[in-house]
Each structure stands twice: as C-alpha cells, then as structure tokens.
Amino acid sequence: MSTNTPAAASATSAASASTAPARTLRRLTGLRLTAAASVAAACAAALLATAGPASASQFFGGTLHPGEQRCVQQYASYQVRADGKATGQGAKFKLQYNGVTVPGTGSPGLVTSWAADLRTAWGTFPGAGYYTACATNNGTADTNVRLELKTDGEVF
C-alpha cells in the first residue's frame, strides 16, 4: 500500500507547514543573537581604539614610622592629581615631575590633608612624563598614610 495518496501528501504538507514557522522563528532568533554579538564586538573595538595608554591610579596605604618615606609613580600625558591624608602629627607630602619636586606642590611641613592638581587646561601641567607623589614621616611618632596618584583620564 502506497502512502503517496492525496490524504497522506496533505498530512505531510500540513506537518511541514506547521514546523516552517518554528524554523523561521529559530532562524530569526539566531540572526538577532548574531547581530547583538556583532554590535557588542564593535563597541568593544571602538572602546579599545579610543583608549589611551593603560593606567590605573597608584595607591599606598599604611603606617609610616618616623623617618620613613613611601612614593607612588605613574606616567601622565596631560594632567595629574595627587591626594594625601595622614593621622596623628601628619606627614610631609610632595609631587615630583621626572625626579624634581614641582614648585608649589610640597606641603609646608607635617599636614594631615594635602592635594596637588596639575592640568594642561589650567596652564599648571609641566609636561608629559613620570610623576611621583611621596609622603614622608618627619614626625616623632608613627602615622597612618593614604596616598593616591591619578593621571589623565582618571582625573575628574
């Protein structure tokens, strides 16, 4: 007995017709996922293309005994900011550019809070290079220090 009867052919057509929308839906879902992945990849490529030199703010947090000094260093292309805090008697802070203290950035003595901000837009940035922020305990007792150095895109 043959299954090529009009009724069998009609049943086969109905079955394939009912799976056709499911196949189309799966294909559209796959295309949407592919498009979304392509957009995400393009965005990631754009972010990487526009990113500057890799950098992360430099940080020191800890106790300085009398006479001790800690420094953090980072390269800056167009702006730099250093922040420092100290407990007790305080600490002496300074910001150096290529190994020389930038005039006006050193604390006047032992202080508990300090900041130095040099920006091209303000005309205070000496130039691209390595910047070093230092904290020194010139006191007679231990001091807890927090020192942070940010450059370029990290400075807001």
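Note that the structure is a prediction, hence the values are computed from the model and not measured.
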Which atom of [X] lies closest to which atom of [Y], heavy atoms considered:
| X | Y | value |
| --- | --- | --- |
| Ser113 | Lys85 | OG-NZ, 3.4 Å |
| Val111 | Ala86 | O-CB, 3.9 Å |
| Thr132 | Cys71 | CG2-CB, 3.6 Å |
| Thr105 | Leu95 | OG1-O, 3.1 Å |
| Pro126 | Thr124 | CD-O, 3.3 Å |
| Leu110 | Gln89 | CB-O, 3.4 Å |

Side chains of [X] and [Y]: closer than 4.5 Å at any heavy-atom pair?
| X | Y | answer |
| --- | --- | --- |
| Pro66 | Asn137 | yes |
| Asn98 | Tyr131 | no |
| Gln96 | Gln73 | no |
| Leu64 | Arg70 | yes |
| Glu154 | Glu148 | no |

Any idea how Tyr75 and Tyr130 line up, ring-wise: parallel (<30°), tilted (30 to 60°), or perpendicular (>60°)?
->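 Rings of Tyr75 and Tyr130: perpendicular, as their planes differ by over 60°.
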
Distance (rounded to the nearest 0.5 Å) between [X] [atom1] and [Y] [atom2]:
| X | Y | atom1 | atom2 | value |
| --- | --- | --- | --- | --- |
| Gln69 | Asn138 | CD | CG | 8.5 Å |
| Asp152 | Arg119 | CG | CZ | 11.0 Å |
| Thr101 | Lys94 | OG1 | NZ | 4.5 Å |

Please lay out, stage by stage, how Thr151 and Tyr78 fare under the test side-chain contact (heavy atoms from CB on, under 4.5 Å).
-> CA-CA 8 Å; Thr151 62; Tyr78 61 94; over 6 Å; no

Are Asp83 and Trp114 close enough, and set up right, to give a side-chain contact (heavy atoms from CB on, under 4.5 Å), and what steps lead you there?
-> CA-CA 6 Å; Asp83 292 281; Trp114 166 84; 5.9 Å; no

Does the side-chain contact (heavy atoms from CB on, under 4.5 Å) test come out yes or no for Leu118 and Val102, once each step is laid out?
-> CA-CA 10 Å; Leu118 307 173; Val102 178; 4.0 Å; yes

Polar side chain donor-acceptor pair, Thr63 to Asp142, under 3.5 angstrom =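 Asp142 and Thr63 do not have a side-chain donor-acceptor pair below 3.5 Å.
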
Audit row: Phe60, Leu149, side-chain contact (heavy atoms from CB on, under 4.5 Å) steps and yes/no = CA-CA 9 Å; Phe60 169 77; Leu149 181 65; over 6 Å; no

Verify the ring-centre separation between Tyr97 and Phe125: is it less than 6.0 angstrom?
->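 Aromatic pair excluded; centres sit 6.0 Å or further apart.
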
